[in-house]
Structure formats: C-alpha cells, structure tokens
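Written below as structure tokens is the structure these notes are about.
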Amino acid sequence: MEKIDNLDRRILDIIMHNARIPSKDVAVVCGVSRAAIHQRIQRLIDMKVITGSGYHVDPKVLGYSTCTYIGVNLERGAMYRDVVPELEKIPEIVECHFTTGPYTMLIKLYARDNQHLMDLLNNKIQMIHGVTGTETLISLDHSIAREIPTNYVK
C-alpha cells in the first residue's frame, strides 16, 4: 500500500470535518494548487483511504427515535456468514460487527419506538436460523461522533 504523507493527512483532516468544502479552499489552506488537491483526493479514493461520500441523515427526523445496540449470540461463530445476509434484509439495522467477548455479533439499529423495536427483535432478528439469544441496549444519548484522527502534524 502506498504511504500517505503529511499533505494527505492535512487534506483528510479538512475534508473529514467538511466534505462539501470547495477544493479551492482546501488548496488555499494547504498552500498547493486546486489540481493538486483533486489529484490527492482521487489518489486517496483509489487507495481506499477515502471509502465513501454522502450526507448523514438524522434518524430522529425520519421518525426513528430509538437507537439500539443488540448483542447477538449464535449457535456457532461460523454461522456469522449465514446470518449477516439475513440481517441485511432488515433496513433498520445500520451496523453489524463480528466480535469477541460476550456476544458473537453486535448490531446497531434504529426503531420508531419500543413497539417497533420489540417487533424487530421478536419477529425478525430472533427468528433468524442460528440466533440463540439477544441482549438489547438502548442508547439514551449520542455524545460523540467523529472519524479517526489523521495524526496530521501541524
């Protein structure tokens, strides 16, 4: 894998905080040309350092007021590969992790309310072949949301 240098890190630091910032503004801050910024960003995309782009949507505005983390236990850890495609069919699930510790998997989902959450648990997640148990943790507040630091040296 190619190395990223201090300029790449500076660019990442800027665009991670404001993905809609014009390239010309990034160029001014970094002291390079707009073309150099475009080339660097494209290289970072090609290297898969930058893996996506888009907008973040507030689930609460869409009516999903309950954020929940669910620890899922499976009959066997190897069933993970079979369970994930079933979880992908549930649009309210926004993250899924294969984990160590007390759970085989940890998923994050949004529900409209507790009744919706109960339906998702009882009629969808717990009905998946291989799921032996779940533990539900409801998020009361979202305090930190950020990207990993770039370790840009100023």
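Side chains are part of it too, since the values below use all heavy atoms of this structure and drop only hydrogens, waters and symmetry mates. Everything numeric in this text was worked out from a predicted model, so none of it was measured.
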Under the side-chain contact (heavy atoms from CB on, under 4.5 Å) rule, what do Asn18 and Arg20 come out as? Steps first, then yes or no, please.
-> CA-CA 5 Å; Asn18 180 3; Arg20 293 192 276 181; 3.8 Å; yes
I would like to know whether Lys108 and Cys67 meet side-chain contact (heavy atoms from CB on, under 4.5 Å); could you show each step before the answer?
-> CA-CA 7 Å; Lys108 177 180 179 181; Cys67 175; 3.7 Å; yes
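The distance from atom CG of Asn114 to atom OG1 of Thr136, rounded to the nearest 0.5 Å, is 10.5 Å. Atoms CE and CG, on Met118 and Asn123 in that order, are 8.5 Å from each other to the nearest 0.5 Å. For the atom pair CG (Leu87) and CD1 (Ile107), the distance works out to 5.5 Å, reported to the nearest 0.5 Å. To the nearest 0.5 Å, the span separating CZ on Arg40 from CG on Leu12 amounts to 10.5 Å. Here Thr104 contributes atom OG1 and Arg76 contributes atom CZ; the two are 11.0 Å apart, rounded to the nearest 0.5 Å. In this structure, NE2 in His38 is found 11.0 Å from NZ in Lys24, a value given to the nearest 0.5 Å.
Grouping the Ile, Leu, Val, Met, Phe, Trp and Tyr side chains by contacts below 4.5 angstrom, directly or via other members, places Ile21 with Val32. Under the 4.5 Å side-chain heavy-atom criterion for grouping Ile, Leu, Val, Met, Phe, Trp and Tyr, Ile93 is not connected to Tyr69 through any hydrophobic cluster. A single hydrophobic cluster is seen to contain both Val29 and Leu7, as judged by linkage of ILVMFWY side chains at heavy-atom distances under 4.5 Å, directly or through other members. Val131 is connected to Leu117 through a chain of hydrophobic side-chain contacts under 4.5 Å among Ile, Leu, Val, Met, Phe, Trp and Tyr, so both are in one cluster. Follow the hydrophobic side-chain contacts under 4.5 Å out from Val72 and you reach Phe98 in the same cluster.
With a 4.5 Å cut-off on side-chain heavy atoms, Gln126 and Thr134 count as touching. A heavy-atom distance below 4.5 Å is found between the side chains of Met105 and Cys96. Between Ile70 and Leu137, the closest side-chain pair of non-hydrogen atoms is not below 4.5 Å. When side chains are defined from C-beta on, Ile45 counts as touching Gln42, because their heavy atoms get closer than 4.5 Å. Between Leu121 and Thr68 the shortest side-chain heavy-atom distance does not fall below 4.5 Å. The shortest distance between side-chain heavy atoms of Leu109 and Ile90 does not fall below 4.5 Å. A heavy-atom distance below 4.5 Å is found between the side chains of Ile14 and Cys30. Two residues are said to be in side-chain contact when any heavy atoms from C-beta on lie closer than 4.5 Å; Arg112 and Ser65 fail this criterion.
Annotation for Arg43: atom CZ counts as buried by contact number, over 12 foreign heavy atoms lying within 6.0 Å. Counting non-hydrogen atoms of neighbouring residues, nucleotides and ligands closer than 6.0 angstrom, the OH atom of Tyr80 exceeds 12 such neighbours.
Considering every non-hydrogen atom in both Pro91 and Lys89, the closest pair reads CD-O, 3.2 Å. Taking all atoms of both residues into account, the shortest heavy-atom contact from Ala36 to Ser33 is N-OG, 3.0 Å. Leu120 and Ala111 make their closest contact through CD1-CB, 4.2 Å (heavy atoms, listed as atom of the first residue, atom of the second, distance).
Within the 3.5 Å criterion, the main-chain N or O of Ser143 finds no donor-acceptor partner in the side chain of Asp141. For Arg34 (side chain) and Ser23 (main-chain N/O), no donor-acceptor pair under 3.5 Å exists by modelled atom type.
No side-chain donor-acceptor contact under 3.5 Å links Gln115 and Asp119. Looking only at atom types and distance, the side chain of Tyr103 has a donor-acceptor partner in the side chain of Glu135 under 3.5 Å away. Inspection of the His129 and Glu86 side chains reveals no N or O donor paired with an N or O acceptor under 3.5 Å.
Ring geometry for His116 versus Tyr64: interplanar angle of 30 to 60°, hence tilted.
Under the side chain to side chain contact (heavy atoms under 4.5 Å, CB included) rule, Leu74 has a single partner from Ile128, Val83, Asp82, Thr132, which is Val83.
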